[in-house]
Amino acid sequence: MTKIDAERRLATLLIDDLSLTEVAAIPSNVPADWFIRLRKLRREFMQSLDDSIQELSFLDLSKDDFMDLLRGKRLPENLSIKFRIPLEFGGELTMDNLFMCPTFFAGLNIDRFILEQNGKQNIWLPAPAKKVYVPVHLISGGEGGNASSDRMTQSTIQAAMGGRE
């Protein structure tokens, strides 16, 4: 698959705002304790999202879900934490190798895109620029009006930032 083919496929999956990185699909050994380590890492990752407030505001989280996420208590429904480079292809259990996105449809289509490349020598992986990937259609405005009632209130954002602006 060429980069152009991969970009076209991302467009059909409605995630063409993601950049791509090419990785050799050479199977790597995954540590036996990967899942235990991942649980701890996921919690740390969630607690590090205080620099992603703007992106999180587009995910229409309730105040409780938002605060639980930033405290590392639980991942809200319809959000996934994914590997930038899967462990089986040499990805590491580090915060830099994680990103978060809505499960439906972005997360599912990212998984579909990767699985469709099974058996290839090199694969193309989506490479979100930030910790939180919000598909562009969730950011772009609708037909007008004030969307503030659909998103978190400013007071929730300020509370999460500890009163910082």
Side-chain angles (χ1 to χ4, degrees), residues 1-3 5-7 9-11 13-61 65-118 120-139 152 156-157 160-162 164-165:
M1 175 182 285
T2 67
K3 186 174 185 179
D5 294 333
E7 289 170 342
R9 182 59 180 140
L10 287 183
L13 294 170
L14 304 175
I15 52 175
D16 54 329
D17 55 325
L18 285 167
S19 59
L20 290 166
T21 187
E22 188 175 21
V23 174
I26 301 169
S28 298
N29 291 328
V30 177
D33 65 342
W34 73 272
F35 189 72
I36 295 167
R37 292 172 49 198
L38 177 61
R39 288 186 59 169
K40 181 180 183 235
L41 187 62
R42 283 172 41 109
R43 180 181 173 99
E44 291 171 10
F45 179 80
M46 288 187 287
Q47 291 171 332
S48 79
L49 293 173
D50 62 346
D51 62 354
S52 302
I53 301 298
Q54 184 174 356
E55 291 81 15
L56 293 172
S57 69
F58 288 102
L59 298 177
D60 291 328
L61 300 173
D65 283 344
F66 178 76
M67 296 307 290
D68 285 350
L69 175 66
L70 290 183
R71 290 180 184 137
K73 290 175 98 175
R74 65 178 180 82
L75 189 64
E77 188 174 313
N78 194 36
L79 289 180
S80 297
I81 296 176
K82 301 205 158 289
F83 288 109
R84 292 175 183 277
I85 300 175
L87 299 178
E88 58 268 24
F89 296 123
E92 298 179 2
L93 280 163
T94 63
M95 297 252 287
D96 292 342
N97 194 32
L98 299 177
F99 70 95
M100 188 172 68
C101 66
T103 303
F104 181 80
F105 68 93
L108 295 174
N109 284 348
I110 288 169
D111 291 343
R112 177 178 293 145
F113 176 73
I114 294 169
L115 290 171
E116 287 173 355
Q117 299 177 74
N118 188 33
K120 306 287 185 205
Q121 289 183 352
N122 291 317
I123 60 171
W124 293 97
L125 297 174
K130 299 181 178 183
K131 287 184 196 178
V132 179
Y133 167 63
V134 181
V136 72
H137 83 281
L138 291 179
I139 296 172
M152 290 182 294
T156 303
I157 293 170
M161 296 179 70
R164 302 187 311 264
E165 294 269 345

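When only modelled atom types and interatomic distance are considered, T94 and N97 share no side-chain donor-acceptor pair under 3.5 Å.
Between L98 and F83, some side-chain heavy-atom pair lies under the 4.5 Å cut-off. Looking only at side-chain heavy atoms (C-beta outward), M46 and I81 come within less than 4.5 Å of each other. Using a 4.5 Å heavy-atom threshold, the side chains of F66 and I53 count as touching. In this structure, F45 and L75 have side chains that are not in contact, with every pair of non-hydrogen atoms separated by 4.5 Å or more. Between L56 and L70 the shortest side-chain heavy-atom distance falls below 4.5 Å. Contact of the P126 side chain with the I114 side chain is registered, since non-hydrogen atoms from C-beta on lie closer than 4.5 Å.
Of the possible polar contacts, none joining the D65 side chain to the P76 backbone as a donor-acceptor pair under 3.5 Å is found. Between the side chain of Q117 and the main chain of W124, a donor-acceptor pair closer than 3.5 Å is present. Put simply, the side chain of K131 gets close to the backbone of S48: a donor and an acceptor are under 3.5 Å apart.
Note on residues 79-106: pairs passing salt bridge (Lys or Arg N to Asp or Glu O under 4.0 Å), not counting sequence neighbours, are K82-D111.
Between atom CD of residue E44 and atom CD of residue Q47 there is a gap of 7.5 Å, rounded to the nearest 0.5 Å. Once rounded to the nearest 0.5 Å, the distance linking CG of L38 with CZ of R43 reads 14.0 Å. The CG atom of L13 lies 6.5 Å from the CZ atom of R112; values are rounded to the nearest 0.5 Å. Atom CG of L41 sits about 12.0 Å away from atom CH2 of W34, to the nearest 0.5 Å. Here R74 contributes atom CZ and L79 contributes atom CG; the two are 10.0 Å apart, rounded to the nearest 0.5 Å. Considering CG of L61 and CG of N78, their distance stands at 9.5 Å, rounded to 0.5 Å.
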Let me have the donor-acceptor pairs involving side chains of residues 15-24, under 3.5 Å, with sequence neighbours excluded, atom names and distances please.
unit_1: D17; atom_1: OD1; unit_2: Y133; atom_2: OH; d: 2.6
unit_1: D17; atom_1: OD2; unit_2: Y133; atom_2: OH; d: 3.4
unit_1: D17; atom_1: OD2; unit_2: V136; atom_2: N; d: 3.0
unit_1: S19; atom_1: OG; unit_2: A127; atom_2: O; d: 2.8

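When all heavy atoms of S28 and G90 are compared, the pair lying nearest together is OG-N, 3.2 Å. Of all heavy-atom pairs between I110 and C101, the closest is CD1-SG, 4.3 Å.
By the salt bridge (Lys or Arg N to Asp or Glu O under 4.0 Å) test, R37 pairs with D33, sequence neighbours left out.
Other residues, nucleotides and ligands contribute only 12 or fewer heavy atoms inside 6.0 Å of the CG atom of N118.
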